[in-house]
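Below, each value reflects all heavy atoms present in this structure, side chains not excepted, and no hydrogens, waters or symmetry copies.
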Amino acid sequence: MASLSNGHSIDIKFTKLFINGQFVDSVSGKTFETIDPRTGDVIASVAEATKEDVDSAVQAARHAFDSGPWPRMSGAERGRILMKWADLIDQHTEEIAALDTMDAGKLFQYCKMEVPSVANMLRYYAGAADKIHGEVLKTAGKFHAYTLLEPIGVVGHIIPWNFPSTLFFNKVSPSLAAGCTMVVKPAEQTPLSALFYAHLAKLAGIPDGVLNVVPGFGKIAGSAVCSHMDIDKISFTGSTQTGREVMQAAAKSNLKQVSLELGGKSPIIIFDDADVDTASQLALIGILFNKGEVCVAGSRVFVQEGIYDEFEKKLVEKAKAWVVGDPFEPNVQQGPQVDKRQFEKILSYIEHGKREGATLLTGGKAIGNKGYYIEPTIFANVKEDMLIAKDEIFGPVMALSKFKTMEEAIERANNTTYGLAAGIVTKNIDIANTVSRSVRAGMIWVNCYFIFEHDIPFGGYKASGFGKDYGMEALHKYLQVKSVVTPIYNSPWH
């Protein structure tokens, strides 16, 4: 049992590996502790997957794909089971939300909205499962040709810790709809909701071996997934550095396909015609939402010089009023960083910013002596070559700068190895269109930020990776195109 701040407790039911439809101990008997970042206390001990456990999970997924019913069902049958799974998730919203809040330090109020959203993501792809069609092709010669879209096979999904539920279903939903089987490695910091979802998948009727969940560490379990000769594709979300290692392992093994959603250093560009109050609120949420542990966080904010001073003043006022505390409390806006390692990494970047000569406008310190809380932190006068302007910090730290012209803003926005997202705040449609087409990023938000929908493709340029989540593009990541050609004899049509 784990205690919540409201005096209630939650029973942690599922802490073992989920392989071939059963919860099992690790072959080695090893476990690891998952930690509550509010306090640093242990929530539960979870079975730790080793290479042998990954082998067992892949064997189950391989058998389920090669010989089992899932890829051979009609799309409508798969869709019905996914719909049932979504209904079961809705019935356990509060319980799952509490798991993610405890495990990741996420706001409970947000998680209570996130869990129904992932159920709806399942429904979205359930509805697509019976609409997977190839094409009939008209050839130049006397041949009949058509394409088939076939499931790619066994997929390895590697999930990060910042959005344990959303990113689980970003990957699992379309690949299940396509008819794939899979091995999922959740982040070692946040394994609990993934195991709960596996339990509900079994209740929904997903056949044994189709979905396997193997909590463990990246260097062991994650590496085993990436280099496995019987996995056909890897879908990875995480850091760019680890993404490179994933690609190398895939290439050195069986040349499996890879899709990567990696880091970001996303710019928000605010023009003189923007409403300052609205723009400062958008920029603040752009960096402080989910305590800055967001791949698309608006960590570089460029403000045109005509409104800069007023903007800076309002931004600092809002940041100082931001409420940091226990994420189960309804008035809290920011919980703790996910773990001690991330907490210390963010604080070290803040020290870099001070040493490199940026102006600390507000924040910059840890809060309290228990848990991993950090003040909302804003640096001004940030130069392009400073670490806080270049590196993905993944915390509540903003680099604020001013600019003169639209051309300067575009150049500086693109002066990064990343290309995941960008925000533009302006009332001028010509500026919005020009900047949207000029910034090299996969997602552009105009006069808004953090807008994700199940049918809007999401993915990066440059070192932010390749391959799309959401939309039909995500479904097609898990499908192979096969061309079939047969001769046509004595046809009057050519």
Side-chain angles (χ1 to χ4, degrees), residues 264-292 294-322 333-334 358-359 361-363 376-384 388-389 392-393 396-416 418-453 456 458 460-461 464:
K265 195 70 179 173
S266 300
I268 298 179
I269 307 168
I270 298 166
F271 288 87
D272 277 344
D273 64 348
D275 177 83
V276 174
D277 194 59
T278 302
S280 58
Q281 185 65 22
L282 186 147
L284 193 74
I285 291 170
I287 189 58
L288 297 185
F289 173 64
N290 203 49
K291 56 286 193 347
V294 186
C295 54
V296 295
S299 52
R300 295 183 298 145
V301 177
F302 300 100
V303 182
Q304 202 161 15
E305 58 186 3
I307 60 167
Y308 179 86
D309 291 342
E310 184 187 356
F311 178 92
E312 182 187 282
K313 182 183 175 185
K314 279 192 181 292
L315 182 70
V316 171
E317 284 174 3
K318 290 175 190 288
K320 287 181 175 177
W322 194 256
Q333 296 168 290
Q334 179 183 319
T359 304
L361 297 178
T362 187
T377 300
I378 301 170
F379 282 103
N381 301 313
V382 179
K383 304 287 193 298
E384 306 283 301
I388 59 170
E392 183 180 42
I393 299 172
V397 182
M398 178 193 293
L400 180 63
S401 307
K402 68 173 74 171
F403 70 91
K404 293 180 185 293
T405 66
M406 177 181 69
E407 292 73 21
E408 179 196 347
I410 291 167
E411 182 181 349
R412 292 175 68 186
N414 284 331
N415 185 22
T416 174
Y418 295 111
L420 197 54
I424 303 162
V425 186
T426 180
K427 295 171 185 169
N428 186 318
I429 189 68
D430 295 328
I431 290 174
N433 282 333
T434 300
V435 178
S436 295
R437 289 168 183 253
S438 302
V439 173
R440 300 202 65 230
M443 175 74 88
I444 309 291
W445 288 296
V446 179
N447 297 327
C448 60
Y449 210 76
F450 289 137
I451 305 303
F452 292 98
E453 297 286 348
I456 301 175
F458 168 70
Y461 285 21
S464 291

Exercise for the section: Could you grab the distance from atom CG of L400 to atom CD1 of I268, nearest 0.5 Å is fine? Expected result: 10.5 Å

Fill in the blank from the handout: All heavy atoms of P376 vs all of W322, minimum pair found to be CG-CD1, 3.6 Å

Exercise for the section: Determine whether I424 and F271 make a side-chain contact, defined as any pair of heavy atoms from C-beta on separated by less than 4.5 Å. Expected result: yes

Exercise for the section: Could you grab the distance from atom CG of N415 to atom CD of E411, nearest 0.5 Å is fine? Expected result: 7.5 Å

Problem - E305/K402 ion pair, N-O < 4.0 Å - result: no

Fill in the blank from the handout: Rounded to the nearest 0.5 Å, the CG atom of N447 sits from the OG1 atom of T278 at a distance of 9.0 Å

Problem - Inter-residue atom distance I269.CD1 - I431.CD1, 0.5 Å rounding - result: 10.5 Å

Exercise for the section: Evaluate the side-chain proximity of K265 to I393: yes if any heavy-atom separation is below 4.5 Å, no if none is. Expected result: yes

Practice task
With rounding to the nearest 0.5 Å, note down the distance linking CG in L361 to CG in L315.
Solution key: 8.0 Å

Problem - Candidates Q334, M398, Q333, K318 - the one meeting side chain to side chain contact (heavy atoms under 4.5 Å, CB included) with L288 - result: Q334

Problem - Approximate separation, where rounding is to 0.5 Å, of R440 CZ and S464 OG - result: 11.0 Å

Handout entry: Nearest atoms (heavy-atom pairs only) where V303 meets I307
Key = CG1-CG1, 3.8 Å

Problem - Side-chain touch D309/K313, heavy atoms, less than 4.5 angstrom - result: no

Handout entry: Donor-acceptor contact present, side-chain N381 to main-chain S401, <3.5 Å
Key = no

Practice task
May I ask you to decide if N428's main-chain N or O and D273's side chain share a donor-acceptor pair within less than 3.5 Å?
Solution key: yes

Problem - Backbone of V397 reached by a side-chain donor or acceptor of T377 within 3.5 Å - result: no

Fill in the blank from the handout: Closest non-hydrogen atoms of F403 and F302, given as atom of the first, atom of the second and distance, are CE2-O, 3.5 Å

Completion exercise
In terms of heavy-atom contacts, I285 and F450 come closest through O-CE1, 3.2 Å

Problem - Heavy atoms of other groups near E384 CD, more than 12 under 6.0 Å - result: yes

Practice task
State, to 0.1 Å, how close V446 and A432 come at their nearest heavy-atom pair, and which atoms those are.
Solution key: CG1-CB, 3.9 Å

Fill in the blank from the handout: Between A421 and W445 the two heavy atoms that sit nearest each other are CB-CZ3, 3.7 Å

Exercise for the section: Measure the acute angle between the ring planes of F452 and F458, then classify it against the limits of 30° and 60° as parallel, tilted or perpendicular. Expected result: perpendicular

Problem - I270 and Y308, any side-chain heavy atoms less than 4.5 Å apart - result: no

Exercise for the section: Taking Y449 for its side chain and V296 for its backbone only, find out whether a donor-acceptor pair lies under 3.5 Å. Expected result: yes

Handout entry: Side-chain touch V439/N414, heavy atoms, less than 4.5 angstrom
Key = yes

Exercise for the section: Give a yes or no on whether the backbone of R412 and the side-chain of R300 come within a donor-acceptor separation of less than 3.5 Å. Expected result: yes

